[in-house]
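What follows is a short report on a single structure.
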Number of protein chains: 2
Amino acid sequence: MTDSTSPSGKRERLVSSAAALFHHQGVQRTTLAEVATDANVPLGNVYYYFRTKDDLVAAVIGSMEGQFRAMLRDCERKATPAARLKALAYAWVEMRELLVNYGCPVGTLNSELGKNVEGSGRQAAGILRLLLDWAEDQFRRISKKEASDHAVSLIGGLQGAALLTNALRDPNIMTTQVRRLDRWIDSLP
Amino acid sequence: MTDSTSPSGKRERLVSSAAALFHHQGVQRTTLAEVATDANVPLGNVYYYFRTKDDLVAAVIGSMEGQFRAMLRDCERKATPAARLKALAYAWVEMRELLVNYGCPVGTLNSELGKNVEGSGRQAAGILRLLLDWAEDQFRRISKKEASDHAVSLIGGLQGAALLTNALRDPNIMTTQVRRLDRWIDSLP
DNA sequence: GTCTATAAGATGATAGAC
DNA sequence: GTCTATCATCTTATAGAC
């Protein structure tokens, strides 16, 4: 968002702590006092870096978007579109223990903010759009037909599997479902 | 949970109002004062029917589970297992305008409570388990193989599509994805 | 830039009259 | 069973010293 380099690194620590706490507890359940404590920053000082809690939420979403952009760049190092799509899917398998306890960072954030929150809700949706657009681009290289719907099926499949993984506290759900998505990608004409 | 028939119907009104508000705003963002106002019950009186907010949450989940049991019974009136599974999926298409604004009632509830809340979190997961077990049973009548994984793919597919429908504010996502699930069910051996 | 102290309001929950 | 009044606490945010 704005310039994020502060000499003391407090801003970065606040964003990092907030990201973890928002993921572990949800945005609404997390207080600024908790974030401050976790980041080793005095409570009152939080407001020097973020004028409101919403500003902090926005910074966390921005940081998360950067991480997903990096993840996509990593996937792009694979040789074929199919391999790139699979690499993306297996990233969720690697997160499976985290998913069991707290759900998908993007999914739960969108679920919480998608209800009414117009400001940060739209911003969180941007990360899903980023993933969808990237996947659509890869699918289009496999076949022009239905690339957009394929992308929605893949990202939706990952999100649904992550939700069940979390609700049922079973990491194998993510593994099994990604394996099925893998085979589905291979089966495309 | 406990006996739910109160002469004045206040208990029912409280559960009904809470269910809607929890879905529209999330559990954490909804105050007991809002629930009381919406149900036309004085705030202090809420505590006669539910000793804590968690008790109210439990009652809402219980009521929701009853509604899903009824939905499954409805689906069972179809002649074939495939038709029953499709009927379940199309229930999400019929909810699509609600999904656009607030997400799936079961999905968002599990997303919010799945983070740490051990009490009601487990209870909310029970509804997903109910859907999964029912779907698995239907899939098994089509083919013994992979019935459990098929069920996870179907319910997960619905949940993922609902999440994207909500995040992207696009009801067509639900429609298109269920149509794909429909064709997938037809393609099973 | 950094921190302490505290205001201002919301929220879950209770006491006790009726 | 029902309701009013209120407590105790938490939480966001600000004022102002250093």
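Reckoned from all heavy atoms, side chains included, excluding hydrogens, waters and symmetry mates. Just so it is clear: chains get the letters A, B, ... in the order the sequence lines come, proteins before strands, and each one is counted from 1.
- What separates OH of B:Tyr47 from C1' of D:dC7 is a distance of 12 Å, to the nearest Å.
- Here the side chains of A:Leu154 and A:Trp184 are in contact, with some heavy-atom distance below 4.5 Å.
- Atom OH in B:Tyr49 sits about 19 Å away from atom C1' in C:dG12, given to the nearest Å.
- A salt bridge does not link A:Arg29 to A:Glu112: none of the charged nitrogens lies less than 4.0 Å from a carboxylate oxygen.
- The stretch residues 16-35 of chain A has no heavy atom under 4.0 Å from DNA chain C, so no residue of it qualifies as close.
- The interatomic distance linking B:Tyr48 (OH) with C:dA17 (P) rounds to 19 Å, in whole Å.
- Distance A:Leu56 CG to D:dT12 C1': 12 Å, rounded to the nearest Å.
- The separation between A:Phe50 atom CZ and D:dT14 atom C1' is 18 Å, rounded to whole Å.
- As a whole-Å value, the separation of B:Leu43 CG from C:dG12 P is 9 Å.
- Between the A:Arg96 side chain and the A:Val93 main chain, a donor and an acceptor come within less than 3.5 Å of each other.
- Straight-line distance from the NZ atom of A:Lys53 to the P atom of D:dT14: 15 Å, rounded to whole Å.
- For A:Thr52, counting side-chain heavy atoms from C-beta on, the closest listed nucleotide (D:dT2, D:dA13, D:dC3) is D:dA13.
- Remark: A:Arg129 does not engage A:Asp133 in a salt bridge, criterion side-chain N to carboxylate O under 4.0 Å.
- The nearest whole Å value for the distance from the CG atom in A:Leu14 to the P atom in C:dT2 is 11 Å.
- Between B:His23 and B:Tyr102, the two ring planes are perpendicular [angle over 60°; tilted spans 30° to 60°].
- In this model, the phosphate group of D:dT2 is approached by a side-chain N or O of B:Ser8 to a distance below 4.0 Å at OP1 or OP2.
- Considering CG of B:Leu99 and CD1 of B:Ile173, their distance stands at 11.0 Å, rounded to 0.5 Å.
- We find that A:Arg183 and B:Glu146 are joined by a salt bridge, their nearest charged nitrogen and carboxylate oxygen being less than 4.0 Å apart.
- Using a 4.0 Å cut-off, some side-chain N or O of B:Asn45 falls inside it from OP1 or OP2 of D:dC3.
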